[in-house]
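Below: one structure, written as structure tokens.
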Amino acid sequence: MMSEKKSKSVLRRRANEVRNYRLLKKLIPAILAVIAALLILVYVVSVMYSKFGSFTVSVNKYHALQYGLSLSDDRYFSAPTSRLNCKAVEEMTNIDGATLDEIDLGAVDGNDSGENYLCYTFYCKNSGKETLSYEYSMNITNMTMDIEKAVRIRLIQTYNETLVAKDDFARAAGVDEDGNSVPEPDTVAFFNKNTVTKGVIEDFKPNDVMKYTVVIWLEGNDPDCVDSIIGGVMKVEMKFGVTSTSDVDPETT
């Protein structure tokens, strides 16, 4: 009887081990699948963070194929696209903006940032078949710790290799007695709280190219450049979109 009971106990134990083994065989793939999914999610999040960095440029798509703008971070448009990105320098410290005048900003295509400033050169081209007008706007999409108070943004525009404008933008220092914005010295005041500047380019013919160089830095001479903004983050994006078109045959213009 003792031998029979012992035999039954061994059989039950082995049966339980078999059930547990089978259960583990089913659970292990599921657990591995969950871990793999989490790793993929972390990877995707990191890729998205890298893709949408501190300065981005994008073009709104137009409804007609014969009208269109394309972007490139090289003058040869070797890889035309509708979106560009430049990652800012980490832990940027303030500088004297006057030192930037000693640098040939825009001489290098793409990201040519220095140790304490962002410098990005890109090109916008009429890749369609018709003459058009387009608008552009530079917007602040995120800002923390009032860092925008001390930020300077230089925008250099060159149309078909001819300089159009070179402006330094800053948040308004205040308002005058008539309620008008008073810009910081030697700058143009931001268009509003979230928009740095905006404008329209007209009569942009097929294959015309506008070169843009954007420079961003913290101005050490600004009275608002104080310790309280240390650790602040600012993200800027520039958007382009077709506003009107012309039916003029480009071969006759």
Side-chain angles (χ1 to χ4, degrees), residues 53-57 73 84-89 91-124 134-159 161-176 179-201 210-226 228-230 232-240:
S54 292
F55 179 70
T56 56
V57 191
D73 57 9
L84 296 168
N85 169 256
C86 177
K87 195 169 184 179
V89 179
E91 299 181 0
M92 182 186 296
T93 60
N94 65 79
I95 60 173
D96 182 350
T99 61
L100 295 174
D101 294 331
E102 303 171 4
I103 303 171
D104 190 6
L105 300 170
V108 176
D109 292 345
N111 190 348
D112 189 33
S113 301
E115 184 178 358
N116 291 309
Y117 64 89
L118 177 148
C119 180
Y120 187 61
T121 296
F122 64 96
Y123 300 81
C124 179
Y134 72 85
E135 63 182 358
Y136 65 88
S137 65
M138 187 183 296
N139 308 300
I140 302 172
T141 58
N142 184 33
M143 53 187 170
T144 63
M145 303 176 71
D146 292 329
I147 192 173
E148 79 283 359
K149 290 182 178 180
V151 163
R152 295 289 187 276
I153 299 177
R154 178 173 296 177
L155 179 62
I156 305 171
Q157 301 181 69
T158 307
Y159 175 59
E161 301 185 359
T162 300
L163 180 66
V164 176
K166 178 181 176 182
D167 297 305
D168 288 352
F169 297 91
R171 201 182 78 158
V175 294
D176 60 22
N180 299 315
S181 295
V182 177
E184 294 281 1
D186 301 318
T187 71
V188 178
F190 285 174
F191 185 80
N192 57 38
K193 181 180 179 181
N194 296 314
T195 302
V196 176
T197 184
K198 56 177 18 178
V200 175
I201 302 298
M210 183 72 81
K211 175 183 176 183
Y212 290 92
T213 297
V214 177
V215 189
I216 304 176
W217 74 96
L218 288 173
E219 179 52 63
N221 295 316
D222 192 304
D224 289 314
C225 189
V226 293
S228 62
I229 68 171
I230 294 176
V233 174
M234 183 175 180
K235 293 186 178 181
V236 179
E237 71 174 0
M238 200 165 177
K239 290 188 173 182
F240 296 82

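At least one side-chain heavy atom of Met138 sits less than 4.5 Å from a side-chain heavy atom of Val214. Tyr136 is listed as a side-chain neighbour of Gln157, based on a closest heavy-atom distance under 4.5 Å. Between Thr56 and Leu84, every side-chain heavy-atom pair lies at or beyond the 4.5 Å cut-off.
A search for salt bridge (Lys or Arg N to Asp or Glu O under 4.0 Å) contacts involving Asp222 returns Arg152, not counting sequence neighbours. Residues satisfying the side chain to side chain contact (heavy atoms under 4.5 Å, CB included) test with Val182, not counting sequence neighbours, are Asp176. The side-chain hydrogen bond (donor to acceptor under 3.5 Å, both in side chains) test applied to Asp73 returns no partner, not counting sequence neighbours. Judged as a side-chain hydrogen bond (donor to acceptor under 3.5 Å, both in side chains), and not counting sequence neighbours, the contacts of Thr93 are Asn116. Lys211 pairs by the salt bridge (Lys or Arg N to Asp or Glu O under 4.0 Å) definition with nothing, not counting sequence neighbours. Here Glu219 pairs with Trp217, Asn221 under the side-chain hydrogen bond (donor to acceptor under 3.5 Å, both in side chains) rule; sequence neighbours left out. With sequence neighbours left out, Lys239 forms a salt bridge (Lys or Arg N to Asp or Glu O under 4.0 Å) with Glu237. Asp109 is linked by a side-chain hydrogen bond (donor to acceptor under 3.5 Å, both in side chains) to Arg75, Tyr123, counting only residues two or more places apart in sequence or in another chain.
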Run the side-chain donor-acceptor check on residues 185-192: report pairs under 3.5 Å with partners two or more places apart or on a different chain.
residue	atom	partner	partner atom	Å
Thr187	OG1	Glu184	N	3.3
Thr187	OG1	Glu184	O	2.8
Asn192	OD1	Asn194	N	3.0
Asn192	OD1	Thr195	N	2.7
Asn192	OD1	Thr195	OG1	3.2

Side-chain donor-acceptor contacts of residues 166-175 below 3.5 Å, not counting sequence neighbours, with atom names and distances?
residue	atom	partner	partner atom	Å
Asp168	OD1	Arg154	NE	2.6
Asp168	OD2	Arg154	NH2	3.1
Arg171	NH1	Glu148	OE2	3.4

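To the nearest 0.5 Å, atoms OH (Tyr212) and CE (Met238) are separated by 5.0 Å. Remark: Asn111 CG to Asn85 CG distance equals 9.0 Å, nearest 0.5 Å. Note that the OG1 atom of Thr213 and the CD1 atom of Ile156 stand 5.0 Å from one another [nearest 0.5 Å].
Nearest approach of Gly106 to Thr121, heavy atoms of both residues: CA-OG1, 3.4 Å. Taking each heavy atom of Ile140 and Lys193 in turn, the nearest pair found is CD1-O, 4.0 Å. Looking at every heavy atom in both residues, Glu161 comes nearest to Thr158 through C-CG2, 3.4 Å. Considering all non-hydrogen atoms of both residues, Gly220 and Asn94 come closest at CA-OD1, 3.5 Å. Taking both residues in full, the closest heavy atoms of Val215 and Cys119 are given as CG2-SG, 4.2 Å, listed atom of the first, atom of the second, then distance. The nearest pair of heavy atoms linking Val57 to Tyr120 is CG2-CE2, 4.4 Å.
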